[in-house]
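Numbering of residues begins at 1 and proceeds along the displayed sequence. No experiment lies behind these values; they were computed from the predicted model shown.
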Amino acid sequence: MTKIGTMVLEEGRPKLAVSIFGRDEASMKAHLMEVKKRETEGSFFVDLIEIRMDYFENYGDSLAVEHALQGLRELEPKRPYLFTWRNATEGGQRTLSSEAYEKLILLAASSGFVDAVDVEALAFAKAPQWIRQLQSLGIPVVASFHDPEGTPEDMESLLERLYETGAEVVKLAVMAETEEDVKRFTKASYRFTRNFPVPLISMAMGEAGEITRKNLKETGSVVTFGAVGKTSAKGQPAVEELVPWIKFAEE
């Protein structure tokens, strides 16, 4: 079983996640408080919070990053946190050098304020080494690949390469433009879950791919991401839209 904090990914219904982000600590905290407010109003629970640090303007200041992580942890002491820096090449806000990326993810893992770390596992030659380092610190890793431009022909091969990194969780996100893209993505995603013994987080971005964030029985994804206020990816529906689908996937 794969745990992020106290949450077991393979246990029960698919998990609901929200990405929070902001230019500084105050705006990130405000986004988290908006999540909590929407939960209360909508009578649902967000299982996982992703901290998207690539939106944070002072990302080069280790003390500022750690202070922001501490502040978020103090607001939600028990909520599982996934730390993510998404490079621009994979759909994020900025791109870091290999050295800066390594420093940032290891800082987050060593801080004691996050429960898992996303690693862009196919973007850096040193990614397998970083994954082992993070795991040695007791931090589970989400080995991810994002294609913000299209739906690759070799998705099954990409998923296998992510699995081979030894990470606890594999994540694939692609940009779907057509119904055929969605069908190919869904087939590759579901086939991976039948053939490999690690949980998969998967989604097709874009308007055409929105259904893949909802119909989790067909993709096999153990987590789906919804938006509260601001969206972090194209085609990301409001979190409230996903709640009925999660309940359906549990049945």
Side-chain angles (χ1 to χ4, degrees), residues 1-22 25 28-40 42-56 65-86 104-121 131 134-144 167-173 198-203 213 216 220-229 232-233 236 239-240 242-243 245-247 249-250:
M1 291 295 179
T2 308
K3 295 179 72 175
I4 297 181
T6 58
M7 177 185 66
V8 179
L9 285 176
E10 302 95 332
E11 201 170 78
R13 61 168 174 75
K15 305 304 185 284
L16 184 60
V18 169
S19 300
I20 62 167
F21 49 91
E25 181 178 344
M28 293 174 75
K29 285 181 174 179
H31 199 181
L32 179 58
M33 294 305 296
E34 180 62 20
V35 173
K36 291 163 65 70
K37 178 172 179 275
R38 293 270 283 273
E39 283 180 319
T40 301
S43 299
F44 60 85
F45 182 74
V46 174
D47 303 284
L48 176 67
I49 297 291
E50 180 185 45
I51 302 171
R52 282 287 301 272
M53 194 54 69
D54 50 300
Y55 286 82
F56 191 70
V65 170
E66 191 163 1
H67 194 273
L69 296 178
Q70 180 179 0
L72 293 170
R73 174 57 77 194
E74 289 173 352
L75 281 177
E76 280 287 347
K78 297 182 180 180
R79 184 101 60 164
Y81 280 126
L82 169 65
F83 179 90
T84 298
W85 175 280
R86 186 69 60 233
L104 186 63
I105 61 174
L106 291 176
L107 169 68
S110 302
S111 70
F113 302 128
V114 303
D115 301 289
V117 172
D118 179 295
V119 174
E120 292 182 352
I131 289 170
L134 293 166
Q135 291 169 332
S136 73
L137 294 170
I139 296 294
V141 176
V142 177
S144 71
E168 286 81 359
V169 184
V170 165
K171 182 184 180 190
L172 175 69
V198 298
L200 172 67
I201 301 172
S202 68
M203 72 282 301
R213 298 176 181 273
L216 304 178
S221 179
V222 297
V223 175
T224 188
F225 283 78
V228 169
S232 59
Q236 193 175 77
V239 68
E240 290 87 350
L242 297 175
V243 174
W245 289 89
I246 284 179
K247 293 178 179 177
E250 188 179 16

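Contact record, R13 with K15: O-NZ, 2.9 Å, taken as the closest heavy-atom pair. Shortest non-hydrogen contact noted between V117 and A109 is CG2-CB, 4.3 Å. The minimum heavy-atom distance between M7 and P80, with the atom names listed, is CB-CG, 4.0 Å. Of all heavy-atom pairs between V198 and A167, the closest is CG1-O, 4.2 Å.
Aromatic ring orientation, F21 versus H31: perpendicular (interplanar angle above 60°, classes split at 30° and 60°).
Counting heavy atoms from C-beta on, the side chains of V170 and L172 never come closer than 4.5 Å. Looking at R86 and D118, their side chains come closer than 4.5 Å, going by heavy atoms from C-beta outward. Contact annotation: the side chain of Q135 approaches that of V141 to within less than 4.5 Å [non-hydrogen atoms, C-beta and beyond]. For the pair P140 and V169, the minimum side-chain heavy-atom distance is 4.5 Å or more. Within the 4.5 Å cutoff, the side chain of T40 has no heavy atoms near those of the K36 side chain. You'll find the side chain of I49 stays beyond 4.5 Å of the side chain of L72, heavy atoms only. Using a 4.5 Å cut-off on side-chain heavy atoms (C-beta onward), S221 and I201 make contact. Put simply, the side chain of Q236 does not reach to within 4.5 Å of the side chain of L242, judged on heavy atoms.
Judged by distance alone, the side chains of S111 and Q70 never bring a donor and an acceptor atom under 3.5 Å apart. Counted by atom type alone, E50 and T84 present one or more donor-acceptor pairs between their side chains at under 3.5 Å.
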Step-by-step side chain to side chain contact (heavy atoms under 4.5 Å, CB included) determination, L200 to V222 | CA-CA 6 Å; L200 172 67; V222 297; over 6 Å; no

Could you give me the CA-CA distance, side-chain angles and deciding distance for E10 and T2, then say whether side chain to side chain contact (heavy atoms under 4.5 Å, CB included) is met?
-> CA-CA 7 Å; E10 302 95 332; T2 308; 2.8 Å; yes

In sequence, state the C-alpha distance, the side-chain angles, and the governing distance for M28 and R52, and then conclude on side chain to side chain contact (heavy atoms under 4.5 Å, CB included).
-> CA-CA 9 Å; M28 293 174 75; R52 282 287 301 272; over 6 Å; no

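Put simply, CG on D115 and CG on L48 are 8.5 Å apart, with the number rounded to the nearest 0.5 Å. The NZ atom of K3 sits 9.0 Å away from the CD atom of E11 when rounded to the nearest 0.5 Å. Between I4 atom CD1 and R79 atom CZ the span is 14.0 Å, to the nearest 0.5 Å. E168 contributes atom CD, which lies 8.5 Å from atom CD1 of I131 (distance to the nearest 0.5 angstrom). Rounding to the nearest 0.5 angstrom, the gap separating the CZ atom in F83 from the CD1 atom in I139 is 11.5 Å. Annotation: the span from F225 atom CZ to R213 atom CZ amounts to 8.5 Å, rounded to 0.5 Å.
Side chain of E39 to main chain of V46: a donor-acceptor pair is present (N/O by atom type, distance under 3.5 Å, no hydrogens or angles). In this structure, K171 contributes its side chain and E120 its backbone to no donor-acceptor pair below 3.5 Å. No side-chain donor-acceptor contact under 3.5 Å links K78 to the backbone of E76. Checking side-chain atoms of Y81 against main-chain N and O of L69 turns up no donor-acceptor pair under 3.5 Å. Side chain of D47 to main chain of L16: a donor-acceptor pair is present (N/O by atom type, distance under 3.5 Å, no hydrogens or angles).
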